[in-house]
Each structure stands twice: as structure tokens, then as C-alpha cells.
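As the structure lists them, so they are numbered: ligands from 1, and atoms in each ligand from 1.
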Amino acid sequence: MENFGIAHALLQLLLLHLVGSGRGHLLTGQPAIDLRIQAREQLISQSNDSAYVQRLMRLSKSAEMRSYMQQDADACENFYDYSCGNWPQINPANDAYPRETNFVQLLLKAYSHKQQRLMEQPANVETDEVAVLRLKEFYASCLLFRQVPEDLYRRQLQEIVADFGRMPVLSLPGQEWPAEEFDWLDTVARIKRQYGFDILLLFQQSADRIYVGQPKQILPEANRKAVAEDIANHLERHLGVDPKVAVTTAREITEFEQKIAAIMVDRRVGVMSKLYTPSDADYVDVSKLTQFVETVLDRELLANESLYQHVPDYLMKIDELVTETPPHVLANYVFNELLKHFYYERAESVVEQCVSRVRDLFGELLDHMLFEQYEDEGTLKDIYVVWQQLQRSFRGVLQNSSANWLVPETREQLLEQLNTTSLVINGYAEVNFTQRYEELHLKPRDYLHNLRTILNHQSLRVKVKTQTSVTYDPVGKRVLLPVALLQPNFLWSRYYPKAVRYGSLGTLLAQQLAHSLEDASKWDAKSFAEYSKRKSCFKEQYGRLRLNGHYLPESDLQAENIADNLAIQVAYHAYRRLLAELDPSFLGSESLPQLNLGSRRLFFLSFAQLWCNDANEQFRDKQSLFLGTPNALRVLGALSNFRAFGRDFNCGTASRMTSPQKCQLFAVNLD
Ligand SMILES: *[C@@H]1O[C@H](CO)[C@@H](O)[C@H](O)[C@H]1NC(C)=O
Ligand SMILES: *[C@@H]1O[C@H](CO)[C@@H](O)[C@H](O)[C@H]1NC(C)=O
Ligand SMILES: *[C@@H]1O[C@H](CO)[C@@H](O)[C@H](O)[C@H]1NC(C)=O
Ligand SMILES: *[C@@H]1O[C@H](CO)[C@@H](O)[C@H](O)[C@H]1NC(C)=O
Ligand SMILES: *[C@@H]1O[C@H](CO)[C@@H](O)[C@H](O)[C@H]1NC(C)=O
């Protein structure tokens, strides 16, 4: 009976894959379908641990992998086309949205869906932790808010403004807006203290440093008209502003915002920031800056707290810009920036809106909740075993004679760095969420009240952006694996061959290990000179790659390409070693049904399919100019440098995938 249910579910699943590849609507036209596949796989995989389930899971993985492949393409001519040639039919990019489709999106979509399911589970006062109860209370109040009468909602928005002053566009007809009452610096400081928004100025505190300066970059907007229409529309609908006045105001706001965008740069907080010294007083008014900070903190600065200017140029220019802007424009801008966080769309998809609110406000908690679901001992052990094998192989690479060009001290330094780097699954296990949320008091039906309370509660906390890819954190010397990548049955499953795990998850982790070693600035001069020579090999080689007939721009930024090359080789080596150490009878399970590939070929296919993507033309051009090496060339570049690939696929010496000149940082040959 049980088996029948599973088989039925699987049959549907396979059919969905087939339908998907034939019609090409999986991602865009019918977004629910791939989620259903995931949900079913989940169901199947949790039902029983028997060989039967394993066979079904493998069939379904095989169906997925085959559906992306273009099997009549020549693996030795273009391995990307061979692995991903069918992807654009299944997950096509569009003119508007999505402009690009890729594998990570599939993962995140499934993850989002799981987050939503968590929110939707009814609150249980007995079993839910305090933090989880708060999250569910907030979500419920958001859904219920659609019943609140329009005029009450509007009054609440006006109250939010009134806490900080008067918004010119809300003045009644014939009423004069008192410009002299408006002090922009004081207003944005109080808004920051209350809700944590950085309007016109950034405030960020970490330990004894206080950064003041440019907020998150606003990008110049090509289609200003659409932005202005959007703002006008909001002013009219949410605040009842007269349509004509709304249009004029929105235009003024948009124009001002474009002037701000023009003086902003793309820079992370902490990078190239400058300690404020009295000699800066010439161009930045210290008393104003100090007053801003003290208003935000609601106390005086301590002797051991120092002010750092984040983008000093911005501080100078924003002062000029504000001075030459009419006060009513400035004030409308500031209050509009405040209000846009509180708008509630009752007509449109309320569920979508509320899910996204919860995700923004409780991102870390949601990651934590999902982490707890996946955190069974088996899963974690599996992942850490991969990690240890990768570290071991990497160590072998650095100790090998092919790395003899490194001066011994530098080599020792790299080995030590390798040993101290740890893997952390980013599930916020160290945060005490009970402590964080127990003092938060929410009301069952009052969404806006709750939103204000939560924002206030975390106003000065540094926002953590939800992590969506594996990253290296140089400060903590950690490789961070986001919980989204831990979802079973994508990159990882105990039912799949280990080739899949090492080819996908393994290469992603190895890539970040490679990044952990790339800071060559501390190396000795001799090793550094050799490193630069090897780097220029990559620079020339990647500069000769072409996508759709266009050459890649030659770039000095080769770190990502070098990491790709190291990653595939280290992960392959770790996988080979695993095979060698395992019982030979185990080899039979290192393949997938209906996919006629041996273990090593399956490894390479799993790697390549991580990078399957489709992008519309504009995005494609932008991608190769600004976003580094396009996915297809990442696959081709890294594999054509790797002898083992050519050998495993029996590629002739003249084939495109076996470039005669191989660029290498460390290893020449890993088997
Ligand atoms: C799984 O299925 C096998 C064979 O059908 C059965 O013996 C076993 O008890 C089941 N295990 C669980 C956990 O249901
Ligand atoms: C700064 O000094 C105060 C006491 O004057 C102390 O409580 C605080 O911990 C110090 N902060 C740092 C970051 O050293
Ligand atoms: C170094 O590489 C060679 C092949 O290039 C291999 O035979 C040897 O085992 C490697 N040594 C280590 C320590 O990994
Ligand atoms: C790194 O760790 C390995 C295994 O734990 C050990 O054998 C090696 O000596 C360590 N190397 C360094 C440089 O600490
Ligand atoms: C978390 O904080 C609460 C109180 O805020 C405390 O009772 C609890 O012991 C803490 N948990 C841990 C694991 O430290």
C-alpha cells in the first residue's frame, strides 16, 4: 500500500519532468510545478529507508539531470552544451522577469516555499518556542490586516509621520507647511533611532566603531518616469493625496533621488572608511555629525567610541545637495522614504506580501527553524565528511612537488591557513532567539502596530542579509554554507551516488577553500612573482574564450577563475580517494539509472549542471562585462585545464575541451 503511494507519486513526478522539457514552462509559466516536485521528493524520501525508495529517488534525479542535457551534443566539443543544452527550454529567461534563470533560483524557490509552510503552521503555545510564536503572531496579524477599514489605515500612516513632524504633501488645502520647523538631520536621526532606516545618512555601530556616511547605494534609474508614477500612485492610494499634487510631488522626489544616486558609490561598510579627525572639520561639520550620532543613540558619545566616515566624499556632497534643495522637496523625500516601509497592499496578493515581510524581518530565525529540521546527525555528518576529505586533498595539493615553487615559509603559512578554516552551516545556532524575542509584545490584529514594534525592537541591530550562496568569511576564517543549500534532494541526498555530492556541493565548498588562500599580499616576494606569472596564464587563456561570438574582456580579476580550477581538481581528487578507499562492491551504486555514465563522468556532469543558466540578451551582455566569467565559460575554462576530464570522456587531443596549454596554480596532475 505504502509502496503503491510512492510509486504513484514518482510516476507523476517523472511525468512532470517530461512535460516540463517538452513545453518549456516549468519555471516561468507554471511556477508551482517544480515546487510540487520538491514536495513530492520530500514526501517520498521521508517515508521509508528501503532500497526501493532509493531506487525511486535515483530515478527521479536521473530524470532531472537528463532533462537538462542535450545528449546529442559532443561532450568533448562543448561540455556545457552537453550538460545544460536543454535548460533554456525548461527554464527560459524572459524579457522582463526572470531575466536570468539558474540552478540557485530553483533551490531558493523551494526554500521559500518551505519557509512559507513554517509560517503557516498554526501556533502552538505548548510546543512552539517563544520566538516562533512571535513570528507566527506577526504573520497572522499581517494576513488579518486586510479587514481593517481604509480610513483607519490611513490615519495610522499619518500618525507614523506625525511622530517626526509634518509631511508637506499632507498639508490641507490652504494650509502653509512650516518650513522652519523642519530640521532634516534631526528628523533622519530620530527615524533611525525609532525604526532603523538609513535615510540620506548611514549609521552603523560595531564594537567601538561608529560608521556615519553613505547609506546603501541607490542605483541611477533609467526609467524615471515609471518610478515617479509608482510613487504618485502610492501617495494617492495610501494617503489620499490629490492626484495632480501627487504627480508633481512624485516627480520632485524622483529627481532628488537621482541626484543622490549620482553622488553614491558601490562600497561595503568598513572598506576604506576613514577615522574622523579634527582636521576633517574643514569639510565636515563635526558638531553636526556628533549631534546626529547622539540623537540616534539617545545619549552622549563615550570617550572610547570613534566616528568613522563611510565614503567621506559622500558626506561632503550630501551637505551641498541638501542645501540647494527646496525644504519641502527634502521633507517629502524623507517622509516618503519612511512611509514606504509601512504601505500595505490590500488588493494584491496579501499572502505573498506577508510572507515576504516575515522573511525580511525574521530571516535569521527562519533559517534557524529550517536548520533544526535538517539537523539530524546523519545529514551533518555526511556534509562534514565531504569537508574533511576536501581539506585533506587540498593539503595534498599544497604538499605535492607541483607546489614546490612556493617558498617553504609561505607554503607552511598556506597549510596552516587551510587547517584553521572551518565549515559552518549558517543556521544561527549561536543566537539565543528566546532572549531576542521574549520582550516583544505583539497585538493579534494590529499589523501596523506590530510592524512598528518589531522595527523599533531591532532598530540599531546590524541587518544580516539572508545568505544564498556558499561564502568565505575572512574575519572568522569560516566557510559558510547557507541552510538553503542543505535542502535534501538537490545537491545532496543520502540516496544519490556520492559523485553527485562531490561534483556539486564538494566543488562549491572547495571553491571557497581556494578563496581562503588567495590573499597573496602576505606572501614572500619570490612566491608572489611566480603566482603573478601563473595568474597571467589564466588571464590570457580566459581572454581567448568566446561566448556567442564575443570574446571575454581580459581581466586582472582572475581569483574566481583560479578558484574554479582548483575547486574542480580538489573535489575530483577527494572523490577519487573516497572511491579507492571504499569497498569495490559499492562502486555499482555510483551511477544513476537510465543515465549511461560511470562514476567519474557523473561527477563532472553534476559539476557542470550547477552552472546551467539562461539569460535574456541584455542581461547576457551585462553579465560578461560586469559580473565576471559567464557560467558556460566557467565550466569550459575549468574543465579544459583538467587532464582528468579529457581522459574520463576519451576526448581526442584536438577537441575543444582539451586545451593543449594548461594553466595551473598548484597541481599539474592529481591522479
Ligand atoms: C521500511 O520498509 C521495510 C520493507 O518494506 C520495512 O521492513 C521497514 O520496517 C520500513 N521502515 C520504516 C521506518 O518504516
Ligand atoms: C567604553 O567604555 C565604557 C565605560 O566608559 C565601557 O562600558 C564600554 O564597554 C567601553 N566600550 C568598548 C568597546 O571598549
Ligand atoms: C603529487 O602528484 C603526483 C602526480 O603528479 C602523485 O603521484 C603524488 O602522489 C602526489 N603527492 C602527494 C603528496 O599528493
Ligand atoms: C593540519 O592538520 C593535519 C591533520 O589534522 C596535520 O597533520 C598537519 O600537521 C596540520 N598542518 C599544519 C600546518 O598545522
Ligand atoms: C536564552 O535566554 C533565556 C532568557 O532570555 C534563558 O532563560 C536561556 O537559558 C537562554 N538559553 C541559552 C541556551 O543560553
Next item on the list: Evaluate the 4.0 Å heavy atom contact test for atom 13 (C) of ligand 5: does a protein atom fall under the cut-off?
Entry: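 Protein heavy atom within 4.0 Å of atom 13 (C) of ligand 5: absent.
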Next item on the list: Return yes when at least one protein heavy atom is under 4.0 Å from atom 7 (O) of ligand 5, and no when none is.
Entry: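 It does not: no protein heavy atom is found less than 4.0 Å away from atom 7 (O) of ligand 5.
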Check: Which ligand 4 atoms does E412 reach within 4.0 Å, using its non-hydrogen atoms?
Finding: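 Ligand 4 atoms under the 4.0 Å threshold to E412: 13 (C).
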State, without any angle test, whether [X] and [Y] hold a side-chain donor-acceptor pair at a distance under 3.5 Å.
{"X": "R501", "Y": "Y496", "result": "no"}
{"X": "Y211", "Y": "R209", "result": "yes"}
{"X": "N641", "Y": "Q541", "result": "yes"}

Margin query: Looking at every heavy atom in both S527 and D524, which two are closest together, and how far apart are they?
Written below: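 For S527 and D524, the tightest heavy-atom pair comes out as OG-OD1, 2.5 Å.
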Item checked: Minimum heavy-atom distance between A123 and K136, given as atom pair plus value ->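 Between these two residues, the closest heavy atoms are CA-CD, 3.7 Å.
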Item checked: Distance from atom 1 (C) of ligand 5 to nearest protein heavy atom, with residue and atom ->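 The protein heavy atom lying closest is N432 ND2, 1.5 Å.
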Next item on the list: Could you check atom 4 (C) of ligand 5 against the protein and tell me its nearest heavy-atom contact, residue, atom and distance included?
Entry: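 Answer for atom 4 (C) of ligand 5: E438 OE2, 3.5 Å.
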Notebook entry, point to check: Touching ligand 4 at all, Q391? Heavy atoms, strictly under 4.0 Å?
Noted result: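 False for this residue.
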Check: If you measure every N/O of T434 against every N/O of ligand 5, is any gap under 3.5 Å?
Finding: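 N/O-N/O distance under 3.5 Å: no.
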Check: Given L415, N419, L398, T420, which has its nearest heavy atom closest to atom 10 (C) of ligand 4?
Finding: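 Minimum heavy-atom distance to atom 10 (C) of ligand 4 goes to N419.
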Checklist line | Partner of F145 by ring-ring contact (aromatic ring centres under 6.0 Å, His included), out of Y447, Y139, F138 | finding: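 Option passing the ring-ring contact (aromatic ring centres under 6.0 Å, His included) with F145: Y447.
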